[in-house]
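Data first, discussion second: the structure below is written as structure tokens.
For reference, positions follow the sequence shown, starting with 1.
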Amino acid sequence: MTDTAVLPAPVRTGATDVVPRGRRFLSQHRDWFAFSPVLLIWILYVLPARGGWESFVIPVACVLLVPTLLVLRPWRRCPRALIALAVAPSCAAVLVGALTAYGDGAAISLSRWGYFSGLLLATSAFARTRTRRQAVLVALLLGGLQQYTDAWLPWWGGGESVDGPMLGTLYSANPFGSLMLAFSCLAAVAAVLGSARLRALGLLVGPLCASAVVLSAARAAMLLLVTAGGLLILLGLRRNGARGLLRAVAVILLACGALVLTTSSVFFSAEVNALAATTSKSSAGQTLDSTTGVRLDYWTAAWGQFLDDPLLGAGSGSYQGASRLRMPPAAELSPFAHNEVLGALAEGGLVLGLPVLLVVLSSLAVCAGTLVRALARPRAGPCAAQVGAGLAAGALLIHSMVDFALSIPAVLGLVGILVGLCWTAQESSSVRGPATRALAAAVLLSVGLGGAYLGVAHDRAGVGAVARGSAVDDGPLPGVRDARVSLAAARRAIADEQASGHRGLQLMDSVRPMARFDGRVEALYWELVRAQGHTQLALDGSRELARRSRQASPLLLVPYAEHLQRAGSAQQAHDLLVGEAYRRAAEQGRLRGQLIDLLEEADRLTGRREPGFGCAVQALQPRPASAESKRARPSAPAIDPAVCAAWMRQAQAVLGARQ
């Protein structure tokens, strides 16, 4: 018998447990590591990038969503009805994008539905416990605080007096007001119904975001804010009695105090009127009656466009051009129908409109059910995160029926997050099989293909760069050294003819790095060069930009035409734009969208007052019957007959009035 039989067993060292403990840690917190980057990307990347309208933002965000979905596996956790509801609009968007023509901003308008689907399913699969839902709520409140900071600092830096609305990083007042409405609802519910720490954060964020709604001058959002305040009082009273009522009243009073403080002489040399932007709207003729009438015109035009092509619509991005023929001549035009369902029906027909309608109705039903349960079962009902999400998502969805907030990808993504909080998933006991694999493929393809393919395939052509170029015309005033603020300050300086001198040189330096990636920004740069007195250099630079971007985006011919007009060649500029419009119409067999914009710009450069049918007026004018003029005259079959007929009727009326 050897001595080895009585040797003690080897002692296990601590080093051998490192890997198992690490694996256990990763396994226990795997969902957190998968979902946290998605939420941070929405807050720090998508939201500041004009709400996702900058080029390649949404495609990148959708690609980064795919690994999260692979980890969270919503096809095994979420009800199949929720999966079908989530992927329906993104699959429909892919189909519409494949079968219809693209207009201005069409790529982002379609790919935003893939982003919405991914965020809805990821949030629903992740937020399965109260702790996780509270963590999502805290992250959203911090995102709302950051958005308020990004909005208020440039607005405050505008000078001694501020009379414009607060715009935020969306550079559009109404969607910004809708976004801050959602944040204020989340924070207010947290302050009234949440735990002690949540109440402290809610009391900080809620009043600031509520004041931003007022400073945005979005009147529909302000009306919804008042309605949400009444529901907040009812929820507080029902959940915590007199204590809840006092908390709700305290939030409302703090919101009023924040509005007074941020517009007081503490920050300005003279007190700023908090309702100045709203008052200026009314004085400019934008009363409630007039804006209601304009929206009725938008909705009528969208419904008429849907009736013309009820199956697939006229194509995403087509509303801006098609609505011109269905609205009064003096009506204010818009690229959006100001109603998410009607806009989807007009541009995507029943293929896109029905899924969008189902999403809106189902989401409203989920939000209403959450609030009803909170009122019916004060103690055992939904948690503060779910109640706040239901109130915020309901406000966003209702606002989308009279405005275009959900056309902003970041705002639509927020709806997905909020509805996912209300409709949280449970772990499924189903085994893997063909049905589960089919659901997984549908989710991944709808998010990855719907977001990445549509965005990359068309943003590469420069559509996304130009899609919302005009949205920053009324951007924040100077005061903060930031790339987004520099763009807005440059546009403001050019509009006010103050882009020369040392300030103009500073703006040129801040805009130049961004001009390499965005044709619209490059056109802005050459406008700053012209304001410095370098007319020929600006003309040459804008000519080169037009040459490079002519095929991808014909609207970038407009800056070059404007430089020609300033140089005394207005007729040459007019002929350039009209000729390009007819050339593209001959290639596409249709004259709409950006091509109609070219014709309107051509009329504007020559001082005519027949926008939209100036070329038809020219076509009816007597011309010398020379061979050259016959060759230059466009052929009628190259134009959409309905458009041509409408223009001809209007042109005959104009010429008859002149004679």
Side-chain angles (χ1 to χ4, degrees), residues 52-53 58-59 61-62 83-118 120 298-299 301-323 334-362 400 404 406-409 412-413 415-416 441-461 463-464 467-468 588-590 592-595 640:
W53 273 105
I58 293 303
C62 287
I83 296 176
L85 184 71
V87 303
S90 55
C91 292
V94 174
L95 185 60
V96 170
L99 298 179
T100 61
Y102 281 84
D104 187 16
I108 299 176
S109 182
L110 291 174
S111 59
R112 64 192 168 100
W113 287 108
Y115 191 52
F116 163 80
S117 301
L120 173 58
Y298 292 153
W299 300 340
W303 184 251
Q305 184 178 343
F306 163 68
L307 293 179
D308 288 345
D309 194 349
L311 182 59
L312 284 173
S316 185
S318 61
Y319 176 80
Q320 183 174 8
S323 62
S334 172
F336 305 110
H338 286 65
N339 183 294
E340 189 61 40
V341 176
L342 286 177
L345 287 171
E347 298 187 347
L350 293 173
V351 173
L352 181 61
L354 283 182
V356 171
L357 178 61
L358 288 175
V359 166
V360 171
L361 293 179
S362 302
S400 70
F404 58 95
L406 296 193
S407 298
I408 308 298
L412 184 61
V415 173
V443 170
L444 296 178
L445 287 177
S446 66
V447 176
L449 185 62
Y453 167 73
L454 290 173
V456 171
H458 298 279
D459 276 349
R460 187 171 58 241
V463 175
R468 291 293 164 267
Q588 302 174 5
R590 191 167 289 249
R592 66 185 189 187
Q594 293 183 355
L595 307 185
D640 185 0

- prompt: So among L406, N339, V341, L412, which one has a side chain to side chain contact (heavy atoms under 4.5 Å, CB included) with S400?
  reply: L406
For [X], which residues count as a side-chain contact (heavy atoms from CB on, under 4.5 Å) partner, sequence neighbours excluded?
| X | result |
| --- | --- |
| A301 | Y319, S323, R326, M327 |
| L85 | L358, V359, S362, W423 |
| L95 | L99, V351 |

- prompt: CG/L354 to CG/L345 distance, rounded to the nearest 0.5 angstrom?
  reply: 7.0 Å
- prompt: Between atom CG of L350 and atom CG of L357, what is the distance when rounded to the nearest 0.5 Å?
  reply: 10.5 Å
- prompt: Are any side-chain N or O atoms of W299 and backbone N or O atoms of H338, one a donor and one an acceptor, separated by less than 3.5 Å?
  reply: yes
Closest approach of [X] to [Y] (non-hydrogen atoms, all atoms of both residues):
| X | Y | value |
| --- | --- | --- |
| G114 | C62 | C-SG, 4.2 Å |
| P409 | W53 | CD-NE1, 3.6 Å |
| S117 | V87 | OG-CA, 4.0 Å |

query: W303 vs F306 aromatic rings, parallel, tilted or perpendicular, using cut-offs 30° and 60°?
result: tilted
- line: In short, salt bridge (Lys or Arg N to Asp or Glu O under 4.0 Å) pairs touching residues 337-358 with sequence neighbours left out are R112-E340
task: Would you check, one step at a time, whether the test side-chain contact (heavy atoms from CB on, under 4.5 Å) holds for W113 with V356?
output: CA-CA 9 Å; W113 287 108; V356 171; 3.6 Å; yes
